[in-house]
Amino acid sequence: MKRTHNCGQLTAADVGKQVVLFGWVQNRRDHGGAVFIDLRDREGLTQVVFEPDIDAEAHGQAGALRLEFCIGIQGTVASRGANINPKMKTGEIEVRATALTIFNRSEPVPFPIEDAVDTTEEKRLAFRYLDLRRRPLQAMLTQRSRVNTLTRQYLVDTGFLELETPFLGRYTPGGARNFLVPSRTNPGKFYALAESPQLYKQLFMVGGFDRYFQIVKCFRDEGVRVDRQPEFTQVDLEMSFVAQEDVFGVVEGLLQKVWKEVLGVEVKTPFRRLPFDESMRRFGNDKPDMRFGLEHVELTQLVKARGPDGGVPMLWEAVEQGGMVKAMVLPAAQALSRAESDKLEEFAKGSGARGLARAKLGESGEWTQSPLSKTISAELRVAINQACGAKPGDLLLFQFGREALVQTVMANLRVHLAKKLGLIPEVGSGGRWEFLWVVDPPLFEWDEESRRWVAAHHAFTRPHDEDLPFLKTEPGRVKCHRYDVVLNGFEIGGGSIRLHDPKVQSEVFSALGIPEAEAREKFGFLLDALKFGAPPHGGIALGMDRLVMLATGADSLRDVIPFPKTKTGADLMTGAPGDVDPSQLEELHVRIVHPPKG
RNA sequence: GGGGAGUUAGUUCAGCUGGUUAGAACGCCGGCCUGUCACGCCGGAGGUCACGGGUUCAAGUCCCGUACUCCUCGCCA
């Protein structure tokens with residue numbers, strides 16, 4: 001038997017044809033004298049009928065069929081006459097089977113192979129090969145394949161070369177934690193699995209391959225999340241002789257093409273550009289979801305200007321200690337019940353907040369239901385109302401204290417409220433795709449723990465030329481040519497224009513307090529490379545998994561990765577990571593020290 | 001690493017205030033059935049109540065611990 005059609009293909013136009021279909025038994029309805037089978041392959045479902053009058057032998061065998069048997073059938077396409085099933089794509093026809101081959105029987109499956117998930121994630125992952133038979137996963141992985149193909153086509157057509165870089169590299173400090181691989185032939189030494197091809201791709205530029213790309217696995221030993229896996233895929237690219245806008249153009253063109261070909265959606269370019277500072281001020285993070293409002297209002301200066309006279313010791317203390325005060329307005333139309341407000345406070349605490357101060361505006365702008373209302377000066381209250389644009393009936397939500405915490409809590413609160421209040425248009429029903437670039441972030445961040453400036457991204461990002469004088473005097477003021485592309489609240493890619501000038505590079509190292517010798521020890525090969533006529537260059541890496549997750553509407557990265565890992569980094573199907581034989585460890589010159597229990 | 005939720009038949013779940021032999025549906029096994037498409041009907045098998053302690057005359061149920069899964073914060077240049 002040779003397959004002639006797939007199970008999603010046959011229509012009324014095929015009636016009378018002799019066909020051969022292969023697939024799995026999705027369902028059986030055995031009437032004794034007539035056996036109906038829904039046969040499934042990755043393209044769809046087709047009803048197959050076995051009757052003694054059609055073929056006695058095939059009918060005899062069909063009684064033994066059970067769910068998920070893998071079979072092949074031969075037969076004639078027939079109209080279902082009055083019995084058409086409008087719910088099925090192939091519902092007008094059926095195949096009247098003249099022969100049946102059972103390729104393989106199936107034991108009862110641990111969960112039903114149906115569109116709707118009705119089992120635990122644990123079981124799905126342990127029997128991933130069965131989970132993959134489900135239609136939604138087949139559809140999402142099919143889309144993923146198309147995105148891959150389109151990406152390659154587009155980048156090759158745009159003059160990029162697809163080049164490969166090593167996974168086994170040298171450990172370099174900073175950034176994400178690496179997976180380490182012991183070297184058998186070099187006792188006591190380790191490779192690091194590449195967290196990204198960052199350094200290599202810059203070396204491609206020095207090597208003269210002025211447009212490089214790669215669809216590549218990256219490895220990071222950090223916490224696993226809904227949108228993070230220990231191994232994931234990037235569309236990585238780098239270009240020589242370019243400015244930021246050139247990189248934007250390539251990425252916008254790519255995303256535009258993918259959205260059009262895969263989703264049939266016209267994405268407008270250029271994308272909106274949002275300065276990092278503005279994003280933090282209005283949304284509390286650098287990956288804002290622009291599909292709804294609920295913007296933040298920063299009140300730090302207002303409170304600071306009035307000093308202790310503002311009348312609210314909690315707020316004054318927050319700013320006095322260098323903290324931040326922010327508010328969000330919940331319009332009267334979206335009023336929350338007391339119980340809902342309390343739940344909101346619980347949510348805020350879940351993000352690390354100590355509490356969630358609230359104030360409801362009365363008819364003349366007075367505050368009620370608020371711990372702040374008792375002592376606040378009328379003057380500060382009016383100023384805050386005005387800054388927030390708050391009207392009677394509106395609810396103000398406050399956070400104050402350490403800046404990073406206020407931002408995190410307020411950013412989470414904004415998204416949480418939007419979901420709760422239904423402010424986010426669902427994709428598919430008039431939904432929106434809000435692409436944007438977040439640009440001009442600071443080059444350095446102040447690290448409280450080590451009491452020094454650290455690279456906000458990496459130490460090879462090019463500062464803005466006009467900020468170069470501040471490298472020595474005010475490092476916090478230096479902005480850089482780094483950019484993130486954001487879609488509906490997810491960072492889907494990030495990159496930068498790199499430093500190619502060794503002189504500026506050494507100034508950056510010195511601002512970071514990294515001595516020349518240490519820089520040489522860690523990044524010597526890159527610093528050397530920059531000395532031999534390195535071209536100006538820059539690039540970006542897109543998170544392929546996130547991209548596909550968003551494009552397919554998947555709830556989790558795990559749904560667009562064929563064989564994902566759990567939160568603890570385990571593969572429940574293979575049992576990785578697993579034990580190894582002591583002799584293997586000996587060969588690797590590695591000894592295990594178990595952590596103390598408890 | 002912190003916080004939260006969960007774990008009962010192959011699967012999804014129920015199981016009250018601790019009390020006789022832990023139930024249902026689907027699946028599985030056997031039988032019947034020629035127009036079903038969640039086919040129907042009759043019968044049957046199937047349980048270390050995640051694991052380990054404890055309280056009690058008695059624990060699926062209460063307490064402590066462990067494992068695993070998910071959510072969330074930290075972390076993720």
Side-chain angles (χ1 to χ4, degrees), chain A residues 26-38 45-54 59 63-64 66-68 78 80-88 90-91 94 96 106-114 116-127 130 172-178 195-196 198-199 218-230 232 346-353 404-405 408-409 412 416 441 443-445 447 449 454-461 480 482 491 494-496 512 523 541 543 555-556 558 565-568 570 572 595 597-598:
Chain A
Q26 174 74 35
N27 198 7
R28 74 184 170 107
R29 295 173 293 282
D30 185 349
H31 292 227
V35 178
F36 297 92
I37 295 294
D38 294 333
L45 282 178
T46 299
Q47 173 165 285
V48 181
V49 197
F50 299 88
E51 289 177 9
D53 301 348
I54 306 170
H59 174 257
R66 292 295 180 271
L67 299 185
E68 298 308 318
R80 290 209 211 170
N83 297 312
I84 64 164
N85 182 347
K87 284 186 272 184
M88 284 173 79
T90 60
E94 62 191 3
R96 301 172 67 79
S106 173
E107 291 186 14
V109 284
F111 52 84
I113 312 301
E114 292 166 349
V117 183
D118 194 17
T119 190
T120 58
E121 192 94 23
E122 201 173 345
K123 287 211 169 57
R124 292 177 58 200
L125 292 174
F127 297 93
L130 295 179
T172 51
R177 193 176 292 123
N178 290 95
E195 63 180 86
S196 80
Q198 180 63 41
L199 298 173
C218 301
F219 307 88
R220 294 182 187 177
D221 189 7
E222 298 287 352
V224 177
R225 288 291 176 75
V226 166
D227 61 350
R228 266 184 251 155
Q229 281 273 312
F232 60 100
E346 284 311 305
F347 174 84
K349 284 179 177 170
S351 296
L405 186 62
T408 300
V409 172
N412 289 345
H416 177 78
L443 182 59
F444 304 112
E445 274 172 359
D447 183 51
E449 229 171 275
V454 295
H457 180 52
H458 60 59
F460 310 106
T461 305
C480 65
R482 166 168 169 69
E491 180 196 320
S496 62
L512 288 168
F523 305 106
D555 296 321
S556 163
R558 292 189 294 268
K565 301 203 167 39
T566 67
K567 187 182 159 62
T568 51
L572 296 180
K597 294 247 160 138

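Reminder, nothing fancy here: chain letters follow the sequence lines and each chain counts from 1. These numbers come from a predicted model, not from an experiment.
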If we take the [atom1] atom in both [N] and [M], what is their distance in whole Å?
N: B/G74; M: B/A58; atom1: C1'; answer: 46 Å
N: B/U61; M: B/U56; atom1: P; answer: 16 Å
N: B/G1; M: B/U66; atom1: P; answer: 12 Å
N: B/A22; M: B/A50; atom1: P; answer: 15 Å
N: B/C33; M: B/G46; atom1: C1'; answer: 26 Å
N: B/U34; M: B/G44; atom1: C1'; answer: 27 Å
N: B/G65; M: B/C76; atom1: P; answer: 31 Å
N: B/A25; M: B/U72; atom1: P; answer: 37 Å

Quick check: does any side chain N or O of [X] sit under 3.5 Å from a backbone N or O of [Y], one acting as donor and the other as acceptor?
X: A/H458; Y: A/F460; answer: yes
X: A/R220; Y: A/A176; answer: no
X: A/Q26; Y: A/L45; answer: no

In plain terms, say whether A/D38 and A/R29 are close enough for a salt bridge, that is, a side-chain N and a carboxylate O under 4.0 Å apart.
yes
Give a yes or no on whether a salt bridge exists between A/E121 and A/R558, defined as a side-chain N under 4.0 angstrom from a carboxylate O.
yes
Run A/F111 and A/D118 through side-chain contact (heavy atoms from CB on, under 4.5 Å) and show every step you take.
CA-CA 8 Å; A/F111 52 84; A/D118 194 17; over 6 Å; no
From [atom1] of [X] over to [atom2] of [N], roughly how many Å is that when rounded to an integer?
X: A/E222; N: B/G1; atom1: CD; atom2: C1'; value: 12 Å
X: A/N412; N: B/U72; atom1: CG; atom2: C1'; value: 9 Å
X: A/E122; N: B/A5; atom1: CD; atom2: C1'; value: 14 Å
X: A/E445; N: B/C75; atom1: CD; atom2: P; value: 10 Å
X: A/K567; N: B/G2; atom1: NZ; atom2: C1'; value: 11 Å

Taking only the side-chain nitrogens and oxygens of A/R558, find out if one of them lies under 4.0 Å from OP1 or OP2 of B/C71.
yes
Less than 4.0 angstrom between a side-chain N/O of A/T568 and OP1 or OP2 of B/C68, yes or no?
no
Is there a Watson-Crick or G-U wobble partner for [N] with both distances under 3.5 Å, and if so, which one is it?
N: B/C68; answer: B/G6
N: B/A24; answer: B/U12
N: B/U34; answer: none
N: B/U56; answer: none
N: B/G46; answer: none

Measuring from atom CD of A/E122 to atom CZ of A/F127, what distance do you get when rounded to the nearest 0.5 angstrom?
10.5 Å
Please round to the nearest 0.5 Å and tell me the distance separating atom SG of A/C218 and atom CD of A/Q198.
10.0 Å
Contact string for nucleotides 29-38 of chain B, one letter per nucleotide 5' to 3', B = base within protein heavy-atom range under 4.0 Å, S = sugar-phosphate only, - = neither, reads SS--BBBBBS
How does protein contact run along nucleotides 8-13 of chain B, one letter per nucleotide 5' to 3', with B for base contact, S for sugar-phosphate only, - for none, heavy atoms under 4.0 Å?
--SSS-
State whether the distance check finds a donor on one side and an acceptor on the other, under 3.5 Å, for side chain A/R225 versus base B/C71.
no
Name the nucleic acid region contacted by A/T461, choosing base, sugar-phosphate or nothing; use a 4.0 angstrom heavy-atom cut-off, strictly under.
nothing
Would you mind classifying the nucleic acid contact of A/S196 as base, sugar-phosphate or nothing, using non-hydrogen atoms under 4.0 angstrom?
base
May I ask you to check whether A/F232 and A/F219 place their ring centers less than 6.0 Å from one another?
no
Could you walk me through whether A/T566 and A/V224 pass side-chain contact (heavy atoms from CB on, under 4.5 Å), step by step?
CA-CA 7 Å; A/T566 67; A/V224 177; over 6 Å; no
RNA chain B: 5'-proximal contact among A/R220 and A/V226 (nearest heavy atom):
A/V226
Please report the C-alpha distance between A/I37 and A/F50 in whole Å, then the side-chain angles of each, then the deciding distance to 0.1 Å, and finally whether the side-chain contact (heavy atoms from CB on, under 4.5 Å) criterion is met.
CA-CA 8 Å; A/I37 295 294; A/F50 299 88; 3.6 Å; yes
